[in-house]
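The first residue of the sequence shown is numbered 1, and numbering continues consecutively from there. The structure presented is a predicted model; accordingly, all values stated were derived computationally and were not measured.
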Amino acid sequence: MPGVPSGDRIELRGLRSVGTHGVLVEEQERAQPFEVDLDLAVDLRPAGVSDSLADTVDYGAVADVVAATVSG
């Protein structure tokens with residue numbers, strides 16, 4: 001990824017949620033499906049050394065935040 005320091009990357013693809021976003025009245029009143037792709041640039045060296053889940057990224061929690069943002 002341009003502009004991102006070298007390191008680890010977690011890719012989340014095809015996160016689907018329903019929300020009401022847009023400029024038109026119809027878009028704001030009627031929920032519609034959205035699909036999100038994310039690239040997380042992270043440093044996972046601490047997790048590699050410790051082998052501890054506490055030192056890595058909880059991508060399930062990230063997906064939950066994305067879904068809440070889209071539907072909220």
Side-chain angles (χ1 to χ4, degrees):
M1 252 184 317
V4 175
S6 62
D8 302 297
R9 184 171 81 198
I10 297 173
E11 297 180 8
L12 300 175
R13 298 285 180 255
L15 301 173
R16 295 180 182 165
S17 192
V18 176
T20 51
H21 302 277
V23 176
L24 302 176
V25 173
E26 306 86 53
E27 294 173 315
Q28 296 173 8
E29 292 176 347
R30 188 181 48 131
Q32 51 193 320
F34 289 88
E35 185 170 304
V36 177
D37 294 333
L38 292 176
D39 290 325
L40 306 175
V42 294
D43 180 2
L44 296 176
R45 287 177 293 186
V49 170
S50 70
D51 199 30
S52 173
L53 288 175
D55 291 334
T56 192
V57 174
D58 181 349
Y59 54 86
V62 173
D64 290 343
V65 169
V66 170
T69 301
V70 170
S71 64

With hydrophobic residues grouped by side-chain heavy-atom distances under 4.5 Å, do Val18 and Leu38 end up in a single group? no
Within the structure provided, determine whether Val57 and Val62 are in side-chain contact (heavy-atom separation under 4.5 Å). yes
Check this for me: Arg30, atom CZ, are more than 12 non-hydrogen atoms of other residues, nucleotides or ligands nearer than 6.0 Å? no
Run the numbers on Val36 and Val70 for side-chain contact (heavy atoms from CB on, under 4.5 Å), then give the verdict. CA-CA 9 Å; Val36 177; Val70 170; 4.1 Å; yes
Flag yes if more than 12 heavy atoms outside Asp51 fall under 6.0 Å of its CG atom; otherwise flag no. no
More than 12 heavy atoms from other groups under 6.0 Å of CG on Leu24: yes
So do the side chains of Thr20 and Gln28 get within less than 4.5 Å of each other, counting heavy atoms only? no
Might you point out which heavy atoms bring Ala67 and Ser17 nearest each other, and give the distance in Å? O-OG, 3.4 Å
Could you check whether any side-chain heavy atom of Phe34 comes within less than 4.5 Å of a side-chain heavy atom of His21, counting everything from C-beta outward? yes
Shortest non-hydrogen contact from Asp43 toward Asp8: C-OD2, 3.9 Å
Taking the side chain as every heavy atom from C-beta outward, state whether Asp37 and Leu12 have any atom pair closer than 4.5 Å. no
For Asp55 and Pro46, work out which heavy atoms get closest and say how close. OD2-O, 3.9 Å
Under the 3.5 angstrom rule, does the side chain of Arg9 hit a backbone N or O of Asp39 as a donor-acceptor pair? no
